[in-house]
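Numbered from 1 within each chain, the chains take letters A, B, ... in sequence-line order.
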Number of protein chains: 2
Amino acid sequence: MALLDYFRQRKTTGSAAIAKERLQILVAHDRRGGGPSYLPQLKNDLLKVIRKYVAVDNDAVSVNLERDGAQEILELNIVLPD
Amino acid sequence: MALLDYFRQRKTTGSAAIAKERLQILVAHDRRGGGPSYLPQLKNDLLKVIRKYVAVDNDAVSVNLERDGAQEILELNIVLPD
């Protein structure tokens with residue numbers, strides 16, 4: 001599965017640089033219809049859900065939302081507390 | 001940003017094959033400490049959150065959870081209704 005390979009690669013190259021516990025969430029929405037995007041609101045819901053399990057500072061979250069034609073990608077990178 | 005490049009690539013190769021509106025969610029957890037994994041429970045929470053925005057059949061969801069050493073990856077692929 002190519003996507004999992006990607007993460008595995010990333011782990012081996014990235015873990016030496018930042019030895020922190022981390023959580024990365026990616027949401028890719030391939031849209032057909034119109035209507036407003038719900039990814040910005042979904043981002044807040046996702047953080048709320050994550051905080052059920054771990055304490056996450058606002059400072060520890062970086063968010064990226066991109067649109068490229070019919071595709072939207074939401075990326076959340078969270079550095080977890082030690 | 002390499003990860004976004006990956007999604008972009010995926011879109012152009014995959015969209016011709018399956019012309020459905022889709023949502024893909026990836027959660028990668030680089031763990032340091034012990035304790036039980038919360039990704040299986042998080043999966044249920046994520047689906048609950050997604051259902052706030054779109055009607056999702058159970059049949060339309062495929063789930064994959066992998067562990068590789070200190071890293072866990074949860075993958076949700078959701079085919080959205082037309």
>> Please evaluate residues B:Leu42 and A:Ile50 with respect to the criterion side chain to side chain contact (heavy atoms under 4.5 Å, CB included), reporting the C-alpha separation (whole Å), side-chain torsions for both, the decisive distance (0.1 Å), and the verdict.
In response: CA-CA 8 Å; B:Leu42 182 61; A:Ile50 295 298; 3.9 Å; yes
> Where does B:Leu80 contact chain A at under 4.5 Å (heavy atoms): side chain, backbone, both or neither?
Replying inline: side chain
> How long is the gap from NE2 on B:His29 to CZ on A:Arg22, to the nearest 0.5 Å?
Replying inline: 11.0 Å
> Distance from B:Leu74 atom CG to A:Leu23 atom CG, nearest 0.5 Å?
Replying inline: 10.0 Å
> With only heavy atoms counted, which part of A:Lys48 is less than 4.5 Å from chain B, the side chain, the backbone, both or neither?
Replying inline: neither
> Which answer fits A:Glu72, side chain, backbone, both or neither, if we ask what part of it has an atom under 4.5 Å from a heavy atom of chain B?
Replying inline: neither
> Once you round to the nearest 0.5 Å, how far does NZ of A:Lys20 lie from CG of B:Asp30?
Replying inline: 13.5 Å
